Amino acid sequence: MTLVVGHVERDNSEWGLFKCNRKECLLCCYYIQECKSFMTANNTEWNIRCNITCNSRNVIYYLVCNCCHSTSYIGKTNILRKRMNCHISEIRTGNTSDLFDKHVIKCKEEHHVTKEPYFKIYALITLPNENLLLTYESHFHNLNYDTMN
């Protein structure tokens, strides 16, 4: 399968996951892991080849539990900020059906973690439209980039 590598910027110095410039953005302050590359669960170095922020759309994201530092999850979303806020809210309330959120809830109790952030946010790619999200998410799951899929 041939996969498109996101929205490619002309200047690759702008590639990576970046925090927004808003000082009141708690998502960027505590959760977003600013980087140009990161290691996946199977020890593959992923180089981000697009520009991603908390406001990005059509994102394949990668989360790591901040309690055990070993459980990871790849998901997809139309709006990164909205989806991450859902993960955070569901972990805070304990009201969730999401497997990663359930893991974090259990893990933070086992490790007596009371402070946020409960997980780290990385991102793999942004896509030109939402119709590609499921295909790419499945592809990354098949590569065993995370531990939960």
Side-chain angles (χ1 to χ4, degrees), residues 3 5-7 14-149:
L3 297 176
V5 185
H7 295 124
E14 295 180 22
W15 290 348
L17 175 61
F18 300 99
K19 296 180 179 190
C20 72
N21 294 326
R22 294 182 20 235
K23 292 184 185 209
E24 67 275 4
C25 180
L26 299 179
L27 194 62
C28 285
C29 183
Y30 295 110
Y31 286 89
I32 296 279
Q33 304 301 300
E34 205 167 40
C35 62
K36 293 187 178 279
S37 67
F38 61 93
M39 297 300 285
T40 64
N42 69 357
N43 290 320
T44 298
E45 182 178 8
W46 179 260
N47 292 299
I48 302 168
R49 294 195 173 127
C50 47
N51 185 294
I52 306 171
T53 70
C54 62
N55 295 308
S56 292
R57 297 181 163 272
N58 302 321
V59 177
I60 303 295
Y61 61 86
Y62 181 85
L63 305 179
V64 178
C65 175
N66 224 16
C67 303
C68 67
H69 305 286
S70 61
T71 300
S72 58
Y73 173 79
I74 288 177
K76 65 186 179 316
T77 185
N78 295 4
I79 304 169
L80 186 61
R81 171 181 298 287
K82 184 177 178 182
R83 182 66 186 109
M84 295 305 104
N85 284 333
C86 285
H87 278 294
I88 294 165
S89 176
E90 291 172 359
I91 291 167
R92 284 177 183 160
T93 64
N95 185 17
T96 184
S97 61
D98 184 271
L99 290 176
F100 180 76
D101 296 349
K102 285 181 177 183
H103 163 82
V104 174
I105 291 165
K106 182 179 177 187
C107 199
K108 74 182 185 94
E109 290 171 3
E110 289 174 359
H111 291 90
H112 307 289
V113 174
T114 58
K115 290 178 135 183
E116 294 186 41
Y118 299 126
F119 57 88
K120 295 176 183 175
I121 300 171
Y122 298 90
L124 293 156
I125 193 169
T126 58
L127 300 168
N129 65 65
E130 67 183 82
N131 297 331
L132 298 170
L133 286 170
L134 184 58
T135 301
Y136 275 77
E137 180 188 43
S138 297
H139 175 70
F140 290 121
H141 290 168
N142 290 336
L143 292 173
N144 297 313
Y145 276 12
D146 66 347
T147 61
M148 293 199 79
N149 294 292

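Positions are given from 1 along the sequence. Predicted model only: the values in this text are computed from it and were never measured.
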| remark: For Y145 and Y62 the tightest heavy-atom approach is O-CE1, 3.2 Å

| query | How close do I52 and S56 get, heavy atom to heavy atom, and via which atoms? | reply | CA-OG, 3.4 Å

Keeping the roles fixed (side chain from [X], backbone from [Y]), state whether a donor-acceptor pair exists under 3.5 Å.
X    : Y   : answer
T147 : S72 : yes
E34  : K19 : yes
T93  : S89 : yes

| field | Of K108, E110, H112, the residue whose pairing with C67 passes side-chain contact (heavy atoms from CB on, under 4.5 Å) | value | K108

| query | Among T53, L80, I88, N55, whose side-chain contact (heavy atoms from CB on, under 4.5 Å) with L27 holds? | reply | I88

| task | Evaluate side chain to side chain contact (heavy atoms under 4.5 Å, CB included) for K36 paired with I48, printing each intermediate quantity in order. | result | CA-CA 6 Å; K36 293 187 178 279; I48 302 168; 5.8 Å; no

| Hey, what do you get for CG (N144) to CG (N43), rounding to the nearest 0.5 Å? | 12.0 Å

| task | For side chain to side chain contact (heavy atoms under 4.5 Å, CB included), just list the numbers for I79 and R57, CA-CA rounded to whole Å, side-chain angles, deciding distance to a tenth of an Å, and then say yes or no. | result | CA-CA 5 Å; I79 304 169; R57 297 181 163 272; 3.2 Å; yes

| Between Y31 and H87, is a side-chain hydrogen bond (donor to acceptor under 3.5 Å, both in side chains) present by the stated rule, with each step listed? | CA-CA 11 Å; Y31 286 89; H87 278 294; over 6 Å; no

| T96 and D98 side chains, donor-acceptor separation under 3.5 Å | no

| field | Neighbour count above 12 (heavy atom, 6.0 Å) for N142 CG | value | yes

